[in-house]
Amino acid sequence: MRWDVFFGSFPTLLSALPVTLELAVISITLGFLLAVLLAAARLSGLRALAALAYAYVYVIRGTPLLAQVFFVYYGLGQLDAMRNSILWPVFREAYACALIALSLNTAAYGSEIIRGGLLSVPRGQIEAAKAFGLSPTQRFRHVVFPQALRAMLPAYGNELILMLKGTSLASTITIIELTGQARILASETYAPIEVFLAAGAIYLGLNVVLSFGVRLLEGRVQRSGGFAMEG
Amino acid sequence: MNKTELPASQPGLAVPTIESRDLRKSFGAVEVLKGVSFKAYEHQVISIIGASGSGKSTFLRCLNFLEAPSSGEIDFKGRSLEIGGGRAPTRIEIEGLRRRTGMVFQQFNLWSHWTVLENIIKVPIHVHGVPRQQAVQRAMDLLAKVGLREKVNAYPASLSGGQQQRVAIARALAVEPELLLFDEPTSALDPELVGEVLAVIRALAKEGRTMLVVTHEMSFAREVSDKVVFFHDGRIEEEGPPAEVLRQPRSPRLGAFLKSVR
Amino acid sequence: MNPLHLLAFGPTGWGDELAYGAAMTLVIAALGFAGGLVLGLPIAAARLSSNVVLRAISGVYVTVVRGVPELLVIYLLFFGGGQFYRYVADALGYSGAVAADAFSAGVLAVILICAAYSAEVFRGAFQAIPKGQIEAANAFGMTRSTLFCRIKLPQMLRYALPSIANVWQLVLKDTALVSVTGLVELMRTIDVAAGSTRSPFLFYMTAILIFLAFTAVSNKAFEGAERHFSRSVIGGYGK
């Protein structure tokens, strides 16, 4: 183990960190919005819509993220329809394709977490809220949402960590984020162990901070939340 | 003189089946047993009563070391297991004692991954080395005795509480124990299921088995046991034949307790 | 020409190559899964041990492996493997050639990842065993090994099974990452076929469909296993 190489690789690796963080933040945000829509579709009661959302979730969760990244970047780019469409300027860019694939991926997992959280609220409590004359909006705001949030936060926190790790796959389509930078540095220095361990340490640090943040948030949600949270 | 002919009420000459001397147990700073000395002789049925938190269950669980006593001494069939001060009993010694006793728990504690039959035969086979065929034969006899032969292949989860407890009793009997420990065997049961379990325990008492029963069932204590032991605040407050202890309690605390459960 | 001809078996299409690649993917996944489960059990035991050192080491292992991208683990073992073997060879005074091959690096990576995830599953499952059932076993004088083999292990496996199905899914999907080492498994075959035929859409779609088929089949298999092992929970045939 060459410690000088290990420590010496941090500045170069950290220079690629913004790309990793950007990929993570944007795809988590986009993915969350899509996840809410998917969860709503699955709980909509409209059978066709729910089936469509279910099929989407099944396909994404049943296939590797790598295959999804390649499909979006290489596969869609082959289609004439895509090349002639107004979307082509987006889909020709590896960076955009990585963002799209990551967002589509996390949306599927996220929608299951949101759906599970919403369904975890006991029916009796919703019934009780109805009996006291709360409107559907009030029921959602005061009874369903606070409890669902509490139920899904740990799982969504886990998903954030998986997503942060997932951004490493962007390196397979030429993007130089943290893992991509590590590969370049490893071949330049001929010290793969030191460089990859250093990169691993950075990911680990990020994830420790992330899970600490999620736990902090969980604590706040536990404590706050109004009358619906007592009981 | 043959031991089995000793009248249960005058056991003075015999070696106790189990005896505790100055048994103490603390959980952290709280002392729950404050020096309990106790004897149970062969063929005796002893009811242990007392309010919750009086230490009666902890005492029973200390006798087979499910709770490790803090200090004191336990003799099983004249063999001493000393705790604290002297030498702590080894795991082998503890296992040896446990293999000669049977226990019935408040929550039944049947092994949920096994059928009724398996629950009864596994310990004889794997702990006592009984041949499988013999274990099965004995299990079937015991199931007939507790009235559950038709449930032989059922899983515990499909049985009512009363049925589970009767299986648990059969499981305890299958090891041919020299001492039976009952830890509030009817406390977790719905009122209508208590009778079927008490009937089985009564039948065992009639067979002359040595039994310690922690219970809240005063009628059971009165009618079935040879001796009643009343626990209060980690000590034995009063003990004696049920006719005396339950009818004319000397201790005002026992009097109050008996009024509260009536 | 119908583009599906590209998927035909024989010299004209990629059917045989894809079948070989799919078989290789399953072999890596199966070896990695089996190895990971075997390694996961002692790690879970260490996590639950009363020994502080064992607990710390296993805790760090699980946190590190789960906190680092799988791709990085594979790179480390593939590119770093040669360097690591070199250290070991030098330490042993061996100066001949040593190299890490893609297959063993890939399988080892999957084993290490699977071990971390399954250890957490096992740990949770051990903790889910009702305390009373262990107490009852103690009360009847079971030795520690009998208690473990007859009570703890079978009960733990029953609780673990649904989550172990998830770990298998994870392993199956992570296997695709091994393609970055150039090992010819399904994903690598797809990459090569997509590139040389200039039909990436068809081939990546094929990859997705093959993985979906794997998922569907293994879901069914695990469902069956779960039904079998949970018969005692539901009430079962003895009723």
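The figures here come from the full heavy-atom set of this structure, side chains too, leaving out hydrogens, waters and symmetry mates.
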Next on the checklist: Quick check on the interface: out of A:N207, A:L206, A:I193, who has the most heavy-atom pairs with chain C under 4.5 Å?
Outcome noted: A:I193
Next on the checklist: Check C:R188 with C:E185, please: is the shortest side-chain N to carboxylate O separation under 4.0 Å?
Outcome noted: no
Next on the checklist: Is C:D174 close to chain A through its backbone or its side chain, or both, or neither, when contacts mean heavy atoms under 4.5 Å?
Outcome noted: neither
Checklist entry - Within a strict 4.5 Å, meaning less than it, do heavy atoms of the A:I173 and A:Y95 side chains meet? => result no
Checklist outcome for this item: Honestly, the part of A:Y58 sitting under 4.5 Å from a heavy atom of chain C is both
Checklist entry - Does the pair A:R42/A:E112 count as a salt bridge with the N-to-O cut at 4.0 Å? => result yes
Checklist entry - Would a 4.5 Å heavy-atom cut-off, applied to side chains only, mark C:F126 and C:I129 as touching? => result yes
Item to check | Option in A:L169, A:L162, A:T167, A:L76 with maximal non-hydrogen atom pairs under 4.5 Å from chain C | outcome: A:L169
Next on the checklist: When you compare the side chain of C:Y20 with that of C:D16, does any pair of heavy atoms fall below 4.5 Å?
Outcome noted: no
Checklist entry - Between A:Q68 (side chain) and A:T63 (backbone), is there a donor-acceptor pair under 3.5 Å? => result yes
Checklist entry - For chain C, which of A:L164, A:I161, A:L79 has the most heavy-atom pairs under 4.5 Å? => result A:L79
Next on the checklist: Counting only non-hydrogen atoms closer than 4.5 Å, does C:L202 touch chain A with its backbone (N, CA, C, O), its side chain (CB onward), both, or neither?
Outcome noted: backbone
Checklist entry - Which atoms of A:L197 come close to chain C, meaning under 4.5 Å heavy atom to heavy atom: side chain ones, backbone ones, both, or neither? => result both
Item to check | No-hydrogen, no-angle side-chain donor-acceptor test under 3.5 Å, C:Y117 and C:N166 | outcome: no
Item to check | Side chain, backbone, both or neither of A:A186 within contact of chain C (heavy atoms, under 4.5 Å) | outcome: neither
Item to check | Pair A:Y203-A:T179, side-chain donor/acceptor within less than 3.5 Å | outcome: yes
Item to check | Carboxylate-amine/guanidinium contact C:R47 C:E120, below 4.0 Å | outcome: yes
Checklist entry - Checking heavy atoms, do the side chain of A:S211, its backbone, both or neither come under 4.5 Å from chain C? => result neither
Next on the checklist: Counting heavy-atom pairs closer than 4.5 Å to chain A, which one of C:F214, C:F203, C:F78, C:Y204 comes out on top?
Outcome noted: C:Y204
Item to check | Structural part of A:S168 lying under 4.5 Å from a heavy atom of chain C | outcome: both
Item to check | Flag, side chain of C:T175 to backbone of C:I28, donor-acceptor distance under 3.5 Å | outcome: no
Checklist outcome for this item: So, the part of C:A216 with a heavy atom under 4.5 Å from chain A: the answer is both
Checklist outcome for this item: Counting heavy-atom pairs under 4.5 angstrom with chain A, the leader among C:S218, C:P200, C:A194, C:G195 is C:P200
Checklist entry - Among C:S179, C:S199, C:A207, which has the most heavy-atom pairs under 4.5 Å with chain A? => result C:S199
Item to check | Region of C:A176 that comes under 4.5 Å of a non-hydrogen atom in chain A | outcome: both
